[in-house]
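Just so it is clear, the structure is predicted and the values come from calculations on it, not from any experiment.
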Amino acid sequence: MKQRIQKFFILAFAFSLFFQGSIISAHSGRTDSHGGHHDYKDASNLGSYHYHHGYGPHLHKNGVCPYTSSSSSSSSSYSRKCDKTVQKYQRRLNQLGYSCGKADGHCGSQTKRAIRKFQKRCKLSVTGNLNAKTKNKINQLYRSKYE
């Protein structure tokens, strides 16, 4: 029985070493307001600039994200749809003293930084995302201050 356990761990370790490169695709680089960043070492094999924003590394052909755009889009210029929920919480965070910058409805690096700061001060899980607990706490503090 002990030998089986040892063989299992050896195989699992070898498997993890073999597939390490294909499983782990993260690399350093801060994202800009569009969710993209420079990757001068070309770790992703996509060139020196690419995007993530919730998906694996990818390019925006003709300025359009393949994950968020519909096939009926004929515009070749980069345009992103404003998320009204994000915009609402950006306004509220700004009013509560957590600087998100312009309330544009896009959850960029400044908004994520403000969310993390808010979550930390309110003793919530620090994720940088507008999850349900974060929204509820923002609403609670906003109502107590402005309504």
Side-chain angles (χ1 to χ4, degrees), residues 8-147:
F8 172 78
F9 282 112
I10 290 170
L11 285 172
F13 180 72
F15 183 78
S16 69
L17 287 176
F18 181 77
F19 288 104
Q20 182 178 10
S22 63
I23 295 172
I24 302 172
S25 63
H27 52 269
S28 63
R30 292 187 176 178
T31 58
D32 60 20
S33 62
H34 298 294
H37 69 103
H38 290 281
D39 174 19
Y40 296 113
K41 294 181 181 179
D42 198 17
S44 63
N45 295 320
L46 291 173
S48 65
Y49 189 85
H50 61 265
Y51 300 86
H52 290 273
H53 59 88
Y55 305 98
H58 63 280
L59 298 174
H60 287 189
K61 192 171 184 172
N62 296 322
V64 179
C65 177
Y67 294 104
T68 58
S69 63
S70 65
S71 59
S72 64
S73 176
S74 61
S75 173
S76 63
S77 65
Y78 183 75
S79 64
R80 293 184 300 164
K81 186 177 177 185
C82 173
D83 185 324
K84 298 295 182 186
T85 302
V86 171
Q87 191 175 38
K88 169 187 170 181
Y89 286 99
Q90 284 173 323
R91 283 192 195 110
R92 290 188 174 192
L93 283 166
N94 281 333
Q95 290 174 315
L96 291 169
Y98 298 89
S99 178
C100 292
K102 182 181 176 188
D104 59 3
H106 306 295
C107 203
S109 59
Q110 193 172 355
T111 299
K112 287 183 180 289
R113 192 170 28 256
I115 293 169
R116 284 192 298 271
K117 188 175 178 181
F118 177 84
Q119 289 169 328
K120 186 175 181 181
R121 284 196 183 154
C122 294
K123 295 180 178 29
L124 299 171
S125 294
V126 180
T127 63
N129 297 320
L130 278 171
N131 54 40
K133 287 184 179 182
T134 302
K135 288 177 187 178
N136 289 338
K137 190 67 172 178
I138 291 170
N139 289 334
Q140 177 188 2
L141 293 174
Y142 181 82
R143 279 189 225 107
S144 69
K145 189 170 183 177
Y146 294 105
E147 292 180 357

Novice: Does NZ belonging to Lys102 count more than 12 external heavy atoms closer than 6.0 Å?
Specialist: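 Not buried by this count: 12 neighbours or fewer within 6.0 Å.
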
Novice: Rounded to the nearest 0.5 Å, what separates atom CG in Leu141 from atom CZ in Arg143?
Specialist: 10.0 Å

Novice: Return the minimal non-hydrogen interatomic distance between Ser99 and Gln110, and the atom names on each side.
Specialist: OG-NE2, 3.5 Å

Novice: Which heavy atom of Thr111 sits nearest to which heavy atom of Cys100, and what is that distance?
Specialist: OG1-O, 3.7 Å

Novice: In the structure I gave you, are the side-chain heavy atoms of Phe118 and Leu124 within less than 4.5 Å of one another anywhere?
Specialist: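 Yes, at least one pair of side-chain atoms sits under 4.5 Å.
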
Novice: Mind checking whether Lys137 and Lys133 have side chains closer than 4.5 Å, heavy atoms only?
Specialist: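 Counting from C-beta outward, Lys137 and Lys133 never come under 4.5 Å.
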
Novice: So which heavy atom on Gln95 is nearest to which on Tyr142, and how close?
Specialist: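 The answer is OE1-CE1, 2.9 Å.
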
Novice: With a 3.5 Å distance limit and no angle check, can you tell me whether Tyr89 reaches the backbone of Thr134 through a side-chain donor-acceptor pair?
Specialist: no

Novice: For the atom pair CG (Asn131) and CG (Asn136), what is the distance rounded to the nearest 0.5 Å?
Specialist: 9.0 Å

Novice: Drop me the distance from Lys112's NZ to Gln119's CD, to the nearest 0.5 angstrom.
Specialist: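 It is 10.0 Å, given to the nearest 0.5 Å.
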
Novice: Measure the spacing between NZ of Lys88 and NZ of Lys135 and express it to the nearest 0.5 Å.
Specialist: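 Between Lys88 NZ and Lys135 NZ, I get 8.5 Å after rounding to 0.5 Å.
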
Novice: Side-chain contact, heavy-atom cut-off 4.5 Å: Ile115 with Asn129?
Specialist: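 Contact flag for Ile115/Asn129 side chains = no.
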
Novice: How long is the gap from CD on Gln90 to OG1 on Thr85, to the nearest 0.5 Å?
Specialist: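 Answer for the CD-OG1 pair, Gln90 versus Thr85, is 11.0 Å.
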
Novice: State the CG-CG distance between Leu130 and Asp83, to the nearest 0.5 angstrom.
Specialist: 8.5 Å

